[in-house]
Amino acid sequence: MAQAPMEEEECPELIPIEDQEVGGEEADLSHSIKIPVTIITGYLGAGKTTLLNYILTEQHTKRIAVILNEFGEGSALEKSLAISQGGELYEEWLELRNGCLCCSVKDNGLKAIENLMQKKGKFDYILLETTGLADPGAVASMFWVDAELGSDIYLDGIVSVVDAKYGLQHLTAEKSDGLINEATRQVAVADLIIINKTDLISQEELNKIRTAVRSINGLVKILETQRSRVDLCEVLDLHAFDSLSGISLQKKLQHAQTTHPHLDKSIVTVTFEILGNTTEENLNEFIQNLLWERSVKDKAGHPMEVIRLKGLVSIKDKSHQVIVQGVHELYDLEETMVRWKEDDERTNRLVLIGRNLDKDILKQVFIATMTEKQETS
Ligand SMILES: Nc1nc2c(ncn2[C@@H]2O[C@H](COP(=O)(O)OP(=O)(O)OP(=O)(O)O)[C@@H](O)[C@H]2O)c(=O)[nH]1
Ligand SMILES: [Zn+2]
């Protein structure tokens with residue numbers, strides 16, 4: 001159901017899904033048989049592999065497949081795929097056409113995973129580590145779109161590991177092209193942040209890195225760890241991208257705060273609420289202007305750049321709340337199980353994470369699009 005703009009340059013296989021319908025039983029039904037994939041991202045050396053190894057050796061009842069990102073020695077064209085079940089661990093190798101996870105998981109890795117599932121029986125969960133310099137949004141989009149194309153896999157969430165000691169340095173690094181640096185993107189797009197290696201820093205330093213992370217992503221849950229030791233249930237089954245997250249998202253959005261620029265590159269979270277109903281058509285227009293056309297600009301005339309978008313909106317004639325999800329240029333609308341109680345409480349609550357975001361302008365534009373075609377119809 002995720003929608004992609006027509007002209008996608010880097011991943012040409014991304015196909016816009018036409019005729020998308022909001023919600024429906026079909027989606028819920030297919031969930032029971034699909035396998036969740038969690039993307040583990042984080043800057044070089046932050047503790048991603050440590051996290052995966054920890055998860056693999058932890059006691060659990062799930063049969064977890066892990067795709068590690070170990071380019072170290074040997075060929076970059078092979079990837080280790082470890083599967084663990086009840087402490088037993090075996091390894092497979094994925095052949096990658098060009099060593100690039102973004103391009104090859106799509107047409108190769110994903111198939112390899114599915115072949116493997118046929119061979120060894122299904123596993124219950126997939127964890128995928130991206131390279132430290134990856135833009136997890138690109139990898140996420142791929143799984144997201146693919147899930148709609150009949151895959152057995154769905155995107156559960158994006159977990160970013162932040163290096164407690166060097167995280168600030170990574171977040172403030174300037175890119176020569178003026179683009180948002182990878183570490184910041186990884187934090188912006190995350191559904192869960194793990195600040196790892198807390199043993200290496202003081203309480204004061206921990207406060208600083210926490211504040212920096214929070215200033216970028218005002219919505220994300222933050223855990224603090226040593227050796228990436230986390231409670232498994234905090235990492236797995238986040239349902240960050242599906243309608244099941246509707247209920248928890250409602251609470252989250254209420255607490256989400258508009259943040260203020262903290263680091264130089266000033267990626268912030270903006271949250272706003274507009275009362276009333278919108279239509280699917282108007283909502284699509286608002287989002288597409290923002291994500292695809294980039295025609296929504298801040299006061300200085302810079303186009304707003306949205307990395308992550310989440311929201312719960314009220315669509316006219318729909319009895320239930322509709323969840324909006326966006327990663328980069330992809331977005332998706334899905335009806336949740338949460339019913340609007342009374343018409344007078346109908347509201348649209350949106351959270352955007354990105355650059356050059358201006359809350360007042362966003363509100364104005366939303367209201368303008370919202371009322372545009374409703375009045376004449
Ligand atoms: N002191 C300390 N070291 C840690 C901690 N967690 C991981 N390390 C060490 O940090 C190094 C990097 O950890 P990895 O798990 O390989 O990090 P990664 O994110 O997978 O690294 P890349 O795949 O190279 O990007 C290893 O030597 C780990 O043993 C921690 O909490 N404290
Ligand atoms: Zn690693």
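We count ligands from 1, going down the list as the structure has it; atoms in each ligand are counted the same way.
Within ligand 1, counting atoms from 1 as listed, the ones closer than 4.0 Å to a heavy atom of Gln226 are 31 (O). Near Leu44, with a cut-off below 4.0 Å to any heavy atom, the atoms of ligand 1 are 25 (O). Close approach to Glu129 involves these atoms of ligand 1, each under 4.0 Å from a residue heavy atom: 20 (O), 23 (O).
Under 4.0 Å from ligand 1, heavy atoms of Thr50 appear from its side chain as well as its backbone. When heavy-atom distances to ligand 1 are checked against a 4.0 Å cut-off, Leu200 comes that close only through its side chain, counted from C-beta outward.
Counting heavy atoms of neighbouring residues, nucleotides and ligands inside a 6.0 Å radius, atom OH of Tyr166 does not exceed 12 of them.
The pair Glu182-Lys175 meets the salt-bridge criterion, with a side-chain N (NZ, NE, NH1 or NH2) lying under 4.0 Å from an Asp/Glu carboxylate O. Ion pairing between a basic and an acidic side chain is recognised when a charged N comes within 4.0 Å of a carboxylate O; Asp191 and Lys310 show such pairing.
Rounded to 10°, the angle formed at the Zn ion (ligand 2) by OE2 of Glu129 and OG1 of Thr49 is 100°.
Between Gln321 and Thr336, the side chains place no donor N or O within less than 3.5 Å of an acceptor N or O (distance only, hydrogens not considered). A donor and an acceptor atom, one from each side chain of Thr50 and Asn53, are nowhere located under 3.5 Å apart.
For ligand 1, the polar-atom distance check finds an N/O of Asp199 within less than 3.5 Å of one of the ligand's N/O atoms. An N or O contact shorter than 3.5 Å is missing between Ser228 and ligand 1 by distance. When only interatomic distances are considered, the shortest N/O to N/O separation between Thr198 and ligand 1 does not fall below 3.5 Å.
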Side-chain donor-acceptor distances from residues 227-234 under 3.5 Å, at least two apart:
residue	atom	partner	partner atom	Å
Ser228	OG	Gly47	O	2.9
Ser228	OG	Asn196	ND2	3.3
Glu234	OE1	Lys221	NZ	2.6

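Heavy-atom distances between Ala46 and ligand 1 reach below 4.0 Å in at least one pair.
When the salt bridge (charged side-chain N to carboxylate O under 4.0 Å, His left out) test is applied to Glu224, the partners found at least two apart in sequence or on another chain are Arg210.
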